[in-house]
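So the structure is just underneath, and the comments pick up after that.
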Amino acid sequence: MHGLPLPAVLLCGSLLLSTLPSPAFGQKAPVNVSFSVTPTQSQLQNVILDNFLGISWELSSFDTLWGKTTDSMPNAMQNYLANLRARMSHPLRIRVGGNGMDASTYVPAAKYMIELTDPDAYFNDIPVNFGPIFFDVLNAMYDRVGSMQFIIGLSMLDPAEDGNVIELAAAAREKLGDRLDAMLLGNEPDLYAGHGTREGYTIQDYIPEIGKVIDDLRDAPEGDLINTTLIGGPSVCCDWDLDDIIDAGLDEYPYKYYSIQHYPQNTCSGLTAQNTNVSYYIQHSNVGSYVNWNYAGITMAKQAGVPVLLTEYNSVSCGGSNISDTFATAMWAIDAGLKSAASNFSAIYLHTREWNISYNLFDPPTADTSTSSGWRTGSPYYSALFLSEAFSKNGSVVADLNIDNSEYQASTMAGYGIYDSNGTAYTRSKLVLFNFDDGTPQTFMIPSNVTFAVATRMLTAPNVLESTNISWAGQTVGAIGQLEGVQTTPVTRCRNGCNVTVPGPGVALVLFNPLHGLDSFYEGNSTIADYPSGGARAISRSTLGSVIACISLGVAFQWLLFNS
C-alpha cells in the first residue's frame, strides 16, 4: 500500500491534498475556525446521543405513509427510515400525534388501521378512528427497519371523560412493550381556547386536569399504566411558556420528558411577505431566538433533570409555503437542529404530514398510491440524513462557534463544533460549516495541530431555492427512498492545518481523524427494499456506490498515513 501511485488514489478516493492555497477567483477571503480543545462546563450539561433527530407524524395520514396493514408497508418508507436508522446506533425516534390525534378515538375492535370520520374537517385538525393495526404496523416496521422508540399522543380535550384515553394507553403498553418511549398528554393545549375547543382554557385549568388523567392511568382497570415513567408534555407551541407551566405545578407530576413544539413562521391565516421570505432561513442570527423561545423553562427542566424534547418542528406551520421545500430550509433545519443540541434539548422531531404538504420529508405519488414507485423526497429529508450522521454513539456535545460573529449579526456563514466522548472526556471530533451564500464558495481554515486528517461530506444544491437537485455526500434519493450514486468522502491531511471549501450554498460535515478518531461516517448500503415490481436496480446502484466509497475512504486515509 505504501507504494500506491497517486493517480490510483485519486481514481478510488476523492482524495484532496490541502496546503492552504490562496482563495480561487470568485471566492471570499478564507475564515479561521476557532474550536476550543474541550467544551465548557456549561456546554457539558447537555450530552446528546446519535439518535438526537427523530420524525414526527400526523395520525390522520399515517396509513398513507406506513401502509394500511403489515403486509402493505411501502418499500419507499422502509428505505427512507432504514437510511436514517442505519446511521444511528440508538433506536430511531418516532412520534405520532398532532391535533388530529388529540381529537381521535381508539377503537379496540376495529379491523382497519385508520378511518376518517369527518369529511369536512379542517385540514390542520383531522380526527379519525383508529384500531390495533396501528400498533401492528409500528411493530412490523420496527422488525423490518431496525430498532425504534415510539411516542404517541393522548388526548386532553375532555379529561372528565377519559375512558378512551385509558384504553389507548393500555393498548400502547400491551402492544409496544418496551418499544413505547412515552405518551404525551395533550397536543398544543395553549391553543385550545383560541381554537374554540375549550372556552377560556388556561394553565390553571390544565394542571389539575393533568393530575386527574394521571390518577386515572394509575388506577386503570388494566393496572397501573404508568408504573414506569412514561408521561410527557405539555407540547405547547405558541401562547404558554414552559416555565409558567412548571411553576403552576407541572413539576409535581412524574414526567419523563417536557415537550414543546415550535415553527418560526406560519400560514394559518394565509400567505404573507414574512412566511414566503426565504432570506429568514439563511440567516444564522435568526436561529437563536427561534430555538430559545422557551429558554427559561428549558433551563428549569435541565436543573430538575427532566429532558426537553422539541417534538415537532419544521419551516412554516399550517402546511408550509412556497419556500418550505427549498434547499434554504434544508440548511435551516440542520442549523436549527444543531442550535437545539447546543441549547439543552435532548431530541428534536422533524414533522411530516399528509400528501402534498410542501414541508414534508417525503410524499407518495398520490395519497392513494404509497406502494408505488415515484415518491418525492422533500428537502427536509436531506436535513435528516445529515443530522443522522452528525453525532456519536458514545455521546456528543455541540457548541456554536459564532464564526464571523454570525450569532449576532448578518453573515453568510456559520459553524458548530462537535465534541465526542472518548470514554473519559469529550474531545474535538467534528465541525459543521455553513455557507449560505447563493453562488460563492467559502473557505474555512482549520489550524495546525488540531487533527491529523479530515474527511468531509457535503450537502449541496445549485442554489438556495432548489427543491429537487440536492445531494448528500454525492448521493441523491431515488423513487423509492433508495440512495443513488457514489458516496463521496474527500480526505484531506491536516496536521499542519488545512482548508475546507464549502460550495455556495452548502453545508459540510467535517470528521477529524477519519478511521482512527472517536467516530466514523456511515459506510455501506442502507437500502433494504427493492422496487415494488421486483428487480435489482435500487439495491445494485446503491451497493456499488457504497462499496466504492468504502474502498475510497480507506485507500485515501492509508495514503495519507504513509505519505505525510
Side-chain angles (χ1 to χ4, degrees), residues 55-84 94 96 98 100 112-116 119 121 123-124 126 128 133-134 137-138 140-141 144-145 314-316 319-327 329-330 350-385 461 465-472 475-485 526-542:
I55 304 178
S56 167
W57 318 71
E58 289 284 340
L59 173 66
S60 58
S61 56
F62 195 73
D63 60 335
T64 68
L65 298 172
W66 281 49
K68 298 180 185 300
T69 68
T70 57
D71 296 325
S72 62
M73 297 187 303
N75 288 5
M77 186 52 59
Q78 295 179 44
N79 288 331
Y80 280 122
L81 297 177
N83 292 335
L84 302 179
I94 299 293
V96 186
Y112 49 79
M113 183 207 268
I114 289 173
E115 179 184 58
L116 298 176
F123 83 105
N124 283 317
I126 303 174
V128 300
I133 294 175
F134 168 69
V137 170
L138 290 179
M141 192 68 81
R144 181 73 178 114
V145 168
N314 210 310
S315 57
V316 182
S321 74
N322 60 306
I323 55 88
S324 293
D325 63 348
T326 65
F327 187 65
T329 56
L350 265 171
H351 192 56
T352 201
R353 281 181 45 172
E354 68 272 12
W355 178 77
N356 212 30
I357 294 295
S358 59
Y359 65 55
N360 282 351
L361 278 68
F362 22 62
D363 267 334
T366 72
D368 301 318
T369 56
S370 62
T371 57
S372 300
S373 178
W375 282 58
R376 178 192 72 88
T377 301
S379 62
Y381 183 73
Y382 286 91
S383 313
L385 279 174
L465 295 178
E466 179 62 45
S467 61
T468 57
N469 187 12
I470 301 171
S471 68
W472 166 236
Q475 293 185 307
T476 57
V477 184
I480 58 163
Q482 81 281 18
L483 291 176
E484 296 186 324
S526 54
T527 299
I528 63 171
D530 203 358
Y531 278 78
S533 58
R537 287 185 294 162
I539 294 177
S540 63
R541 291 181 65 182
S542 180

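All heavy atoms count here, side chains included; hydrogens, waters and symmetry mates do not. Everything quoted here is computed from the prediction, not taken from an experiment.
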Audit row: Tyr381, Leu350, side-chain contact (heavy atoms from CB on, under 4.5 Å) steps and yes/no: CA-CA 9 Å; Tyr381 183 73; Leu350 265 171; over 6 Å; no
With distance as the sole test, does Asp363 use its side chain to make a donor-acceptor pair with the main-chain N or O of Asn356 at under 3.5 Å? yes
Under 3.5 Å, side chain of Asn83 to main-chain N/O of Leu385, donor-acceptor pair present? no
Would you tell me whether Ser72 and Thr69 have side-chain atoms, one donor and one acceptor, within less than 3.5 Å of each other? yes
Here the pair of heavy atoms bringing Ser60 nearest to Ile114 is O-CG2, 4.0 Å
Would Asn79 and Thr527 count as having a side-chain donor-acceptor pair, cut-off 3.5 Å? no
If every non-hydrogen atom of Pro532 is compared with every non-hydrogen atom of Ser373, which pair is closest and at what distance? CG-N, 4.0 Å
For the atom pair CD1 (Ile470) and CD (Gln475), what is the distance rounded to the nearest 0.5 Å? 15.0 Å
For Ser383 against Ala330, the heavy-atom pair lying closest together: OG-O, 2.8 Å
Donor-acceptor check, side chain of Ser379 to backbone of Thr326, threshold 3.5 angstrom: yes or no? yes
Is the shortest side-chain heavy-atom distance between Ser471 and Tyr382 below 4.5 Å? no
Between Pro364 and Ser370, which heavy-atom pair has the shortest distance, and what is it? CB-CA, 3.7 Å
At what distance, to the nearest 0.5 angstrom, does CE of Met77 lie from CZ of Phe62? 8.5 Å
Rounded to the nearest 0.5 Å, what's the gap from CD1 on Ile133 to CG on Asp63? Could you check? 10.0 Å
Would a 4.5 Å heavy-atom cut-off, applied to side chains only, mark Pro365 and Trp375 as touching? yes
Starting from the C-alpha separation in whole Å, work towards a yes-or-no answer on side-chain contact (heavy atoms from CB on, under 4.5 Å) for Leu483 and Val477. CA-CA 5 Å; Leu483 291 176; Val477 184; 3.8 Å; yes
Strictly under 6.0 Å, is that where the ring centroids of Phe123 and Trp355 end up? no
If you round to the nearest 0.5 Å, how far is CD of Glu58 from CG of Asn124? 8.0 Å
Could you tell me which non-hydrogen atom of Ser315 sits nearest to which non-hydrogen atom of Tyr359, and how far apart they are? OG-CB, 3.9 Å
Check the side chains of Tyr80 and Thr377 for a donor-acceptor pair under 3.5 angstrom, ignoring hydrogens and angles. yes
Derivation of the side-chain contact (heavy atoms from CB on, under 4.5 Å) call for Ile528 and Arg144: CA-CA 9 Å; Ile528 63 171; Arg144 181 73 178 114; 4.0 Å; yes
Test applied, side-chain contact (heavy atoms from CB on, under 4.5 Å); reference residue, Met141; option that passes from Thr70, Leu81, Ile94: Leu81
Looking only at heavy atoms, what is the nearest atom pair of Gly319 and Ile357, with distance? O-CG2, 3.4 Å
Gap between atom OH of Tyr531 and atom CG of Asn75 - 0.5 Å precision: 11.0 Å
Judged by atom type as modelled, is there a donor-acceptor pair below 3.5 Å linking the side chain of Glu484 to the main-chain atoms of Thr476? no
Quick check: do Ser324 and Val316 have side-chain heavy atoms less than 4.5 Å from each other? yes
Let's go through Arg353 and Asn360 carefully: what are the C-alpha distance in whole Å and the side-chain angles of both, what is the deciding distance for side-chain contact (heavy atoms from CB on, under 4.5 Å) to 0.1 Å, and is it a yes or a no? CA-CA 6 Å; Arg353 281 181 45 172; Asn360 282 351; 3.8 Å; yes
Interatomic distance, OG1@Thr329 vs CG@Asn314, rounded to 0.5 Å, equals 7.5 Å
Under the ring pair (Phe, Tyr, Trp, His ring centres under 6.0 Å) criterion, do Phe362 and Trp57 qualify, and how do the steps go? CA-CA 12 Å; Phe362 22 62; Trp57 318 71; 5.7 Å; yes
